[in-house]
Amino acid sequence: MMSLASALPAQTSEAAGHILKAAQWNRLYPQEKVYLHLDNTAYFLGETIWMKAYVTRSDTENRSNISRVLYVELNGANCR
């Protein structure tokens, strides 16, 4: 029978291996976050919407140079 104390080092090294693989994945395929700033919380039909978008890298929080184009789709869920 294996004791819990003897199983811990194997689990620790296995977890470290997963952390290393995740870090390598993040270096190869960095993720981006999109921030969209709007000038209002609601709009009437025909109003102009002013917005500014920022795309940042999730690992450095600096502006990203990975994506060149950001598409924004505005849905009027409560439009009648």
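Linking ILVMFWY residues whenever their side-chain heavy atoms come closer than 4.5 Å, directly or via other members, places Val72 and Ile49 in the same cluster.
Although no hydrogens or angles enter the test, the distance criterion places a donor-acceptor pair under 3.5 Å between the side chain of Ser64 and the main chain of Ile66.
The distance from the CD atom of Glu47 to the CG atom of Asp39 is 8.0 Å, given to the nearest 0.5 Å. In this structure, Leu70 CG and Tyr54 OH are separated by 12.5 Å, a value rounded to the nearest 0.5 Å. Note: Arg27 CZ to Asp59 CG = 10.0 Å, rounded to the nearest 0.5 Å. Atom CD in Gln24 sits 12.5 Å away from atom CD1 in Ile19 (nearest 0.5 Å). Note: Leu36 CG to Lys52 NZ = 12.0 Å, rounded to the nearest 0.5 Å.
Thr56 and Glu32 share no side-chain donor-acceptor pair at under 3.5 Å.
Annotation: salt bridge (Lys or Arg N to Asp or Glu O under 4.0 Å) contacts involving residues 60-70, sequence neighbours excluded, comprise Lys33-Glu61.
Remark: Gln31 pairs with no residue by the side chain to side chain donor-acceptor pair (under 3.5 Å) rule, at least two apart or across chains.
Leu38 and Tyr43 make their closest contact through CB-OH, 3.6 Å (heavy atoms, listed as atom of the first residue, atom of the second, distance).
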